[in-house]
*Asks:* 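Have a look at this one before I ask anything.
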Amino acid sequence: MFKAKVSNVSRDRLPYSWRPGCPVHYRDLRLITLSYWGFDGKPHTGELVVRETVTDDIVTVFRKLYGWRWPIKQMKLVDAYKADDFASVDADNTSAFNCRRATGSSRWSKHAYGEALDINPRENPYVTATGGTAHQNAKNFTNRPLKGIGVINPGDKVVKALAQVGWEWGGYWSSAKDYQHFSKGGG
């Protein structure tokens, strides 16, 4: 049975991912502890931190994913990787909040606002306009459509479920593609 619990997140749960100067205060973030199906075909419990205003979106979508038995490799706070996005991606970790800049930019990422989600980043890598990826373990996953466990394709039920709550998919970007990335309102 799917379970989700939304709670306040304490500062000590975000030792690396939040700091003064972030565009959202940690008091405006929420910890969601929720059920998901693992690549091992068994139910697991994971954690995501998101902005308070999008908690219903996340619970709604993950309830659907759980009902479909849609697999997720793992789901830990990015703080388990000292907020190192590269390390979290390399570990195939599904995560959300991380106070960081957008890839290749000086502006804040939607992750810094708690309004972005990366799902199964190994199977759904960030792919440059020239077709490359920085993650060696993701090289076989750079083209779409692609069959495979935990893979997200254009127009599939994962993309549609997030679109129904107003989240856009990075796989639809015009040059680089970010197949793991979903964000509220795009970006």
Side-chain angles (χ1 to χ4, degrees), residues 1-18 22 24-85 87-100 109-124 148-152 156-171 178-185:
M1 175 178 21
F2 177 79
K3 293 181 181 177
K5 179 184 176 192
V6 177
S7 55
N8 290 335
V9 61
S10 61
R11 173 69 180 99
D12 65 331
R13 291 296 315 271
L14 309 172
Y16 305 102
S17 64
W18 187 89
C22 290
V24 172
H25 199 281
Y26 75 87
R27 288 189 289 270
D28 295 324
L29 300 170
R30 294 295 177 266
L31 174 67
I32 306 177
T33 305
L34 52 83
S35 309
Y36 70 92
W37 287 95
F39 279 21
D40 60 3
K42 296 177 182 175
H44 296 270
T45 301
E47 295 180 319
L48 293 170
V49 168
V50 297
R51 193 173 192 152
E52 178 184 22
T53 55
V54 300
T55 56
D56 289 346
D57 296 350
I58 296 298
V59 171
T60 296
V61 168
F62 278 89
R63 178 177 282 113
K64 288 180 181 180
L65 297 181
Y66 190 84
W68 297 328
R69 290 185 175 234
W70 200 85
I72 293 172
K73 179 66 175 180
Q74 67 172 341
M75 188 186 307
K76 299 177 182 177
L77 302 187
V78 73
D79 292 273
Y81 303 94
K82 297 186 177 178
D84 182 328
D85 187 59
S88 181
V89 167
D90 249 8
D92 206 6
N93 184 51
T94 293
S95 65
F97 174 76
N98 191 5
C99 185
R100 64 175 180 80
S109 164
K110 286 286 242 177
H111 290 280
Y113 294 91
E115 296 177 343
L117 172 69
D118 289 341
I119 301 176
N120 294 337
R122 174 182 168 258
E123 292 75 20
N124 303 295
I149 185 170
V151 171
I152 300 169
D156 75 9
K157 60 187 175 182
V158 175
V159 174
K160 288 177 182 174
L162 279 144
Q164 287 171 350
V165 294
W167 291 59
E168 296 178 18
W169 184 44
D178 199 353
Y179 295 121
Q180 66 196 270
H181 183 82
F182 292 88
S183 56
K184 183 74 173 188

*Asks:* Tell me, do Tyr66 and Trp37 make a side-chain contact under 4.5 Å, heavy atoms counted?
*Replies:* yes
*Asks:* Please state whether the rings of Tyr179 and Trp169 are parallel, tilted or perpendicular, taking 30° and 60° as the class boundaries.
*Replies:* tilted
*Asks:* So, the side chain of Thr94 versus the backbone of Asn120: is there a donor-acceptor pair under 3.5 Å, distance only?
*Replies:* yes
*Asks:* Just one of Asp79, Asp85, Asp84 clears the side-chain hydrogen bond (donor to acceptor under 3.5 Å, both in side chains) bar with Ser17, so which one?
*Replies:* Asp79
*Asks:* How long is the span from the CG atom in Leu29 to the CH2 atom in Trp18, to the nearest 0.5 Å?
*Replies:* 9.0 Å
*Asks:* Between Ala96 and Val50, which heavy-atom pair has the shortest distance, and what is it?
*Replies:* CB-CG1, 3.7 Å
*Asks:* If we only count heavy atoms from C-beta on, is the Ser183 to Tyr113 side-chain gap below 4.5 Å?
*Replies:* no
*Asks:* Heavy atoms, side chains only, cut-off 4.5 Å: are Asp57 and Phe182 in contact?
*Replies:* no
*Asks:* Begin with the C-alpha distance, continue with both residues' side-chain angles, and end with the deciding distance and a verdict on side-chain contact (heavy atoms from CB on, under 4.5 Å) for Leu117 and Phe62.
*Replies:* CA-CA 12 Å; Leu117 172 69; Phe62 278 89; 3.8 Å; yes
*Asks:* Work out which heavy atom in Arg122 is nearest to a heavy atom in Asp92; give both atom names and the distance.
*Replies:* N-OD1, 3.0 Å
*Asks:* Using every non-hydrogen atom in the two residues, find where Asn124 and Ile119 come nearest and quote the distance to one decimal.
*Replies:* ND2-O, 3.3 Å
*Asks:* Find out whether Arg51 and Lys184 are in side-chain contact, i.e. whether some heavy atom of one side chain is under 4.5 Å from a heavy atom of the other.
*Replies:* no
*Asks:* Could you report the tightest heavy-atom contact between Thr53 and Glu115, atom names first, then the distance?
*Replies:* OG1-OE2, 4.1 Å
*Asks:* Are any of the side-chain heavy atoms of Tyr26 and Val49 separated by less than 4.5 Å?
*Replies:* no
*Asks:* Drop me the distance from Ser7's OG to Ile32's CD1, to the nearest 0.5 angstrom.
*Replies:* 9.0 Å
*Asks:* If you measure from CD1 on Ile152 to CG on Leu162, what distance do you get to the nearest 0.5 Å?
*Replies:* 8.0 Å
*Asks:* Of the non-hydrogen atoms in Pro71 and Ile149, which two are nearest, and what is the gap between them?
*Replies:* CG-CG1, 3.4 Å
*Asks:* Can we say Glu123 and Lys73 salt-bridge, meaning some charged N sits less than 4.0 Å from an Asp/Glu carboxylate O?
*Replies:* no
*Asks:* Taking atom CZ of Arg13 and atom CG of Leu77, what is their separation to the nearest 0.5 Å?
*Replies:* 5.0 Å
*Asks:* Is there a side-chain contact between Gln164 and Thr60 (heavy atoms, below 4.5 Å)?
*Replies:* no
*Asks:* Just checking Asp56: does its CG atom have more than 12 heavy atoms from other residues, nucleotides or ligands closer to it than 6.0 angstrom?
*Replies:* no
*Asks:* Just do the side-chain contact (heavy atoms from CB on, under 4.5 Å) check on Val54 and Trp167 with the steps written out, would you?
*Replies:* CA-CA 10 Å; Val54 300; Trp167 291 59; 3.7 Å; yes
*Asks:* Show your working on side-chain contact (heavy atoms from CB on, under 4.5 Å) between Met75 and His44 and close with a plain yes or no.
*Replies:* CA-CA 9 Å; Met75 188 186 307; His44 296 270; over 6 Å; no
*Asks:* Under the 3.5 angstrom rule, does the side chain of Arg30 hit a backbone N or O of Arg27 as a donor-acceptor pair?
*Replies:* yes
*Asks:* Hey, what do you get for CG (Leu34) to CZ (Arg63), rounding to the nearest 0.5 Å?
*Replies:* 10.0 Å
*Asks:* How close do Gln74 and Lys76 get, counting heavy atoms only, and between which atoms?
*Replies:* OE1-CE, 3.2 Å
*Asks:* Identify, with sequence neighbours excluded, every residue that meets ring-ring contact (aromatic ring centres under 6.0 Å, His included) alongside Phe39.
*Replies:* none
*Asks:* Could you walk me through whether His111 and Asp118 pass side-chain contact (heavy atoms from CB on, under 4.5 Å), step by step?
*Replies:* CA-CA 9 Å; His111 290 280; Asp118 289 341; 3.2 Å; yes
*Asks:* Rounded to the nearest 0.5 Å, how far apart are CG of Asn98 and SG of Cys22?
*Replies:* 8.5 Å
